Amino acid sequence: MDLKQQIDRNSLPRHVAIIMDGNGRWAEKKGGERIFGHRNGVESVRMVVEAAGELGVEYLTLYAFSTENWNRPRTEIDGLMALLTRAITNETNKLNKNNVRLLIIGNVTDLPKSVHKQLMQSVEALSENKGLTLVLALSYSGRWEITDAVKKMMADAASGKLDPDRVDSNVLESYLATAFMPDPELLIRTSGERRISNFLLWQLAYTELYFTPVLWPDYRKEHFYEAIIDYQRRERRFGMVSKKSGALLNH
Ligand code: IPE
Ligand code: IPE
Ligand code: MG
């Protein structure tokens, strides 16, 4: 049976997050510059966006550029920014046809002005769509996001809009860049690395983690289906006891 048919449509993750990693190593294996890997990663993005939309996943968050990635060589950063603008601009029509809504999370004021402008135009053009919500994490890090939330909370406390005694995890959550969506049920990281690298630190508290050795430019729909099937075999407990052992105890 093909992989897609093995997926239980009634227990899909609502939100899948992906750390798209391994572009540099992919390029190196082929004897090319790192940017060659990034360029080939665009097709993988296309494929997972399509796959997620077809399945009926509601939110797909892609880690495209981290706060720490600003420390890479200038030429790589410039290449990535140019690629990003081009890809978004070229894909907007197709995303629109597929009813995809686009949102950006991250410290977007750090992006070059022209990139920021292009991105906002695409976000605006796709804002009424009701299908998959594609969230691009750009100049994003979990620590940046939490720090930013705390800053905003302190400003609201100082102006009397927020009572510090009322602050709990729900209030803090409402200040995060991701406040509009549920936490991811599934995190996928490609390229064999087994770390979070400052991605959704708060939101990943109870997320199922899935690591695959596949390098991002080789990532295709089947790999995405495999990750979802693996997720569906797991039992999520959220700190409670197993439903199975709970049933045993009750008898
Ligand atoms: C992921 O691939 C893309 C970005 C971080 C922008 P890398 O560029 O990190 O590739 P590797 O990890 O060096 O192979
Ligand atoms: C994480 O990958 C960031 C993105 C995929 C955008 P990195 O390649 O930057 O992370 P490390 O250096 O392996 O931790
Ligand atoms: Mg990497």
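In this chain, numbering begins with 1 at the start of the sequence shown. Below, each value reflects all heavy atoms present in this structure, side chains not excepted, and no hydrogens, waters or symmetry copies. For ligands, and for the atoms within them, numbers begin at 1 and follow the listed sequence. As the structure is a prediction and not an experimental result, all values here were calculated from the model.
A salt bridge is absent between Lys152 and Asp156; no separation between the charged side-chain nitrogens and carboxylate oxygens falls under 4.0 Å.
Here the heavy atom of the protein found nearest to atom 9 (O) of ligand 2 is Asn69 ND2, 3.0 Å. From the protein, the heavy atom lying nearest to atom 6 (C) of ligand 1 is Ala64 O, 3.4 Å.
In the vicinity of Arg195, heavy-atom distances shorter than 4.0 Å reach the ligand 2 atoms 11 (P), 13 (O), 14 (O). In the vicinity of Ser197, heavy-atom distances shorter than 4.0 Å reach the ligand 2 atoms 10 (O), 11 (P), 14 (O). Near Ile19, the atoms of ligand 2 lying under 4.0 angstrom from a non-hydrogen atom of the residue are 1 (C), 5 (C). For ligand 1, the atoms closer than 4.0 angstrom to any heavy atom of Arg34 are 7 (P), 8 (O), 10 (O), 11 (P), 13 (O). Counting the atoms of ligand 2 from 1 in the order shown, those under 4.0 Å from a heavy atom of Phe65 are 6 (C). Every atom of ligand 1 is numbered from 1 in the order shown, and the set under 4.0 Å from a heavy atom of His38 is 3 (C), 8 (O). Residue Arg72 approaches ligand 2 through these ligand atoms, each under 4.0 Å from one of its heavy atoms: 7 (P), 8 (O), 9 (O).
Of all the heavy atoms of Ser191, none lies under 4.0 Å from any atom of ligand 1, so neither backbone nor side chain is involved. Counting heavy atoms closer than 4.0 Å to ligand 1, residue Met20 contributes backbone atoms (N, CA, C, O) but none from C-beta onward. With a heavy-atom cut-off of 4.0 Å, Glu193 does not touch ligand 1 at all.
Between Glu50 and the choices Lys97, Lys94, Lys4, Arg220, the salt bridge (charged side-chain N to carboxylate O under 4.0 Å, His left out) rule is met once, by Lys94.
Without hydrogens or angle criteria, Ser141 side chain to Trp144 main chain gives a donor-acceptor distance under 3.5 Å.
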Under 3.5 Å, which donor-acceptor pairs do the side chains of residues 162-169 form with other protein atoms, sequence neighbours left out?
unit_1: Asp163; atom_1: OD1; unit_2: Asp165; atom_2: N; d: 3.0
unit_1: Asp168; atom_1: OD1; unit_2: Asn170; atom_2: N; d: 3.1
unit_1: Asp168; atom_1: OD1; unit_2: Val171; atom_2: N; d: 2.9

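In the hydrophobic clustering of this structure, Val115 groups with Ile77; members are Ile, Leu, Val, Met, Phe, Trp, Tyr whose side-chain heavy atoms approach within less than 4.5 Å, directly or through other members.
In this structure, Tyr140 and Phe199 have perpendicular ring planes: the angle between them is above 60°, well past the 30° mark. Note on ring orientation: taking the six-membered ring where Trp is involved, the planes of Tyr219 and Trp216 are parallel (angle under 30°, cut-offs 30° and 60°).
On a distance-only criterion, Asp21 and ligand 2 share at least one N/O pair closer than 3.5 Å. Close N/O approach between Asn23 and ligand 1 is found [any backbone or side-chain N/O within under 3.5 Å].
Side-chain contact between Phe224 and Ile18: present, with at least one pair of heavy atoms (C-beta onward) separated by less than 4.5 Å. At least one side-chain heavy atom of Leu102 sits under 4.5 Å from a side-chain heavy atom of Ser122. Side chains of Arg34 and Pro73 form no contact here, defined as non-hydrogen atoms less than 4.5 Å apart.
More than 12 heavy atoms of other shown residues, nucleotides or ligands fall within 6.0 angstrom of atom CZ in Arg46. When the shell of 6.0 Å around CD of Glu128 is examined, it contains 12 or fewer heavy atoms from other residues, nucleotides or ligands.
For the Mg ion (ligand 3), the set of protein N/O/S atoms nearer than 2.8 Å consists of Asp21 OD1, ordered by chain and number.
When the heavy atoms of Arg189, Arg25, Glu68 are ranked by distance to atom 10 (O) of ligand 2, first place goes to Arg189.
Nearest heavy atom pair, residue Val57 against residue Ile228, reads CG2-CD1, 4.5 Å.
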